[in-house]
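Okay, so here's the structure we're looking at.
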Amino acid sequence: MRQLSRFRALITATAGILAVAAGTAGSAGAAGIAYLDGKEVWVSNLDGTAKVRLSGGEGDWTAVAQSDQGFVVGVRLEAGKIADLSSFTIWNPDGTQKDFGPLAGKTNGGSNAYPLGLDITPDGGLLVYGYSNYITFGNILTNGTFLLPSATRSAPVGGPYSVNSVRWTTLVGDRIIGTSDELQTSVQEVGSTGSQNFTPWITIAGEPGAPELHRTDVAATGTIAALEYAYYGAEVSTIDEKVLVIRAQSVGGTVIDAGQCFLDGVRATYPSFSQDAQTLAWSDAAGVKIGGVPTFTGPDGGVCTLTRAPVTISATGKWPSYGPINVEGILAARNPAPAPTPTPAPTAAPTPPSATTPPTVSAPAKLKATKLGAKAGATIDVTTTSAGEAVATLTVRPKSIGKKGKKPVVIATGKATLKADGAKAQPVKLKATKSGKKLLGKLKGKKVTITVVLNGRSTSIDVTLR
């Protein structure tokens, strides 16, 4: 806390008067947080009760951002590989994949480090990320920002647009906000995507022991911003991180409360505002958090008092990005409600016994296979108590005739219109089918099945052919 009280003197800013409304909710309509957890890309609703993993479980995701229209971009780099092998994936607001491709770097033979900051334009069409490029020969170190059209599956012709002025970039609309030399936040001129023209906005003194300035996230209103600071030890390893929240009259305009409000938490980082400047997400050693914006009523160098107490979305997450993604809608689409159980049909009235009694079937004791192929066919007798058309089939098991499979082979068929006379047998002729005639020579001594169907009821008998 000793370092916090020095910030008011470190920041160059002009005081002014501006109030930020202390609302009780985030942006109107659906909203959610994109974040990393377990090296995967996740989205969550604002109270952490609904969560969806967008990535496929492959791991090694290193950065994430959400646009003002709910598009989510993630960057992936497999462990142990150089930054030039990074790739990106973009998901639509409904959670489906929109685009993917390589995340291009500076192609001059030097060593790249990126992304240093990551953002995506509202329509999901342009990626913005900072880089650091080092060439050993001559000890040349350059910093800058790439703007990569995301609708390509490879680097655009001529490589991505490169803005050499800033890194650790974020966006307000289509304007880039980035850091120059870790001491100054600069703002791109209006309507100049790809332009090198940046205006300094917030500067910190470069005295010994001063922190480095990294990302600056600004709400779409332009009236509130959060600045990331990193402290480094003698071995150039990060020893602490802080997030300073300020108010401003506009993007690039007069700054208010320059050193007054620091987010609570150990190693606070990755701040992200709702579009209406009412809600702030960030992460620290305790995970991804979301709460109301500060009241700006505390002492200089003090911890922010928030308009709404923070909620922990994920105790193991980091790199949150606020936006209008509808997490509940994605969950509903991925887990549709089961179809309603159909209403059972009304039970039919009982059929009189005479109509439901199966037919009785008999065949000659010495039924010959050759008889089935004769012009007159073979006669079987059917006795029935209900009138109707009787359909008869004669089948044999495939194995009996040297064929494979389990479905019975139809050898012969026949049909006849019968009267309701339960005391007298009526004839039905069975004649070999075209394919059955070719098999008759194999049927002598084989057991076959004769089935008769009449008025929905059936009877089967087994017969050995002679």
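It should be emphasised that the depicted structure is a prediction, and the values quoted were computed from it without experimental measurement. We use all heavy atoms of the structure for the numbers below, so side chains are in, but hydrogens, waters and symmetry mates are not.
- Of all the heavy atoms in L77 and I82, the pair that sits closest is CD1-O, 3.1 Å.
- Residue pairs meeting the side-chain hydrogen bond (donor to acceptor under 3.5 Å, both in side chains) criterion with at least one partner in residues 54-74, sequence neighbours excluded, are E40-S55, E58-W61, D68-Q275.
- Here the two rings, on W319 and Y270, have centers that are under 6.0 Å apart.
- For the pair F273 and I224, the minimum side-chain heavy-atom distance is below 4.5 Å.
- Between the side chain of D284 and the main chain of A286, a donor-acceptor pair closer than 3.5 Å is present.
- Heavy-atom minimum distance, S458 versus P358: O-CB, 4.0 Å.
- For the pair D240 and R267, the salt-bridge criterion is not met [side-chain N within less than 4.0 Å of a carboxylate O].
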Subject >> Derivation of the side-chain hydrogen bond (donor to acceptor under 3.5 Å, both in side chains) call for D381 and Q426 >> reply: CA-CA 5 Å; D381 292 328; Q426 302 176 65; over 6 Å; no
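- Note on residues 395-405: no pairs pass side-chain hydrogen bond (donor to acceptor under 3.5 Å, both in side chains), not counting sequence neighbours.
- Between L439 and V409, the shortest heavy-atom distance links the atoms CD1-CG1, 4.0 Å.
- Using modelled atom types, one finds a donor on one side chain and an acceptor on the other under 3.5 Å when comparing T449 with D462.
- Looking only at distances, no side-chain donor or acceptor of D119 sits under 3.5 Å from a matching main-chain atom of V128.
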Subject >> Criterion side-chain hydrogen bond (donor to acceptor under 3.5 Å, both in side chains) on D37 and T316, from CA distance to verdict >> reply: CA-CA 6 Å; D37 199 350; T316 54; 2.6 Å; yes
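- Residues P271 and W282 come closest through the heavy atom pair CA-CB, 4.1 Å.
- Judged by distance alone, the side chain of T121 and the main-chain N or O of L126 form a donor-acceptor pair under 3.5 Å.
- The shortest non-hydrogen separation linking A378 to L367 is CB-CD1, 3.5 Å.
- When atom types are taken as modelled, the side chain of T312 and the backbone of A315 share no donor-acceptor pair closer than 3.5 angstrom.
- In this structure, Y114 contributes its side chain and A83 its backbone to a donor-acceptor pair below 3.5 Å.
- Under a 3.5 Å cut-off, the side chain of K415 and the backbone N or O of L430 do not form any donor-acceptor pair.
- Looking only at side-chain heavy atoms (C-beta outward), L394 and T413 stay at 4.5 Å or farther from each other.
- Residue-environment remark: NZ (K442) stays at or below the threshold of 12 foreign heavy atoms within 6.0 Å.
- Residues Y229 and R215 are not in side-chain contact: their nearest non-hydrogen atoms beyond the backbone lie 4.5 Å or more apart.
- For the pair V288 and I290, the minimum side-chain heavy-atom distance is 4.5 Å or more.
- Taking each heavy atom of R175 and E189 in turn, the nearest pair found is NE-C, 4.0 Å.
- Put simply, the side chain of T279 never gets that close to the backbone of G292: no donor and acceptor are under 3.5 Å apart.
- Two residues are said to be in side-chain contact when any heavy atoms from C-beta on lie closer than 4.5 Å; T393 and I450 fail this criterion.
- In this model, no donor atom of one side chain and acceptor atom of the other lie less than 3.5 Å apart for S44 and K51.
- With a 4.5 Å cut-off on side-chain heavy atoms, V43 and I33 do not count as touching.
- Looking at T179, its side chain does come within 3.5 Å of a backbone N or O of H214 through a donor-acceptor pair.
- Side-chain contact between T360 and T459 is absent, with no heavy atoms from C-beta onward closer than 4.5 Å.
- The backbone N or O of G287 lies less than 3.5 Å from no partner atom in the side chain of S283, so there is not a single donor-acceptor pair.
- Between R334 and V52 there is a side-chain heavy-atom pair separated by less than 4.5 Å.
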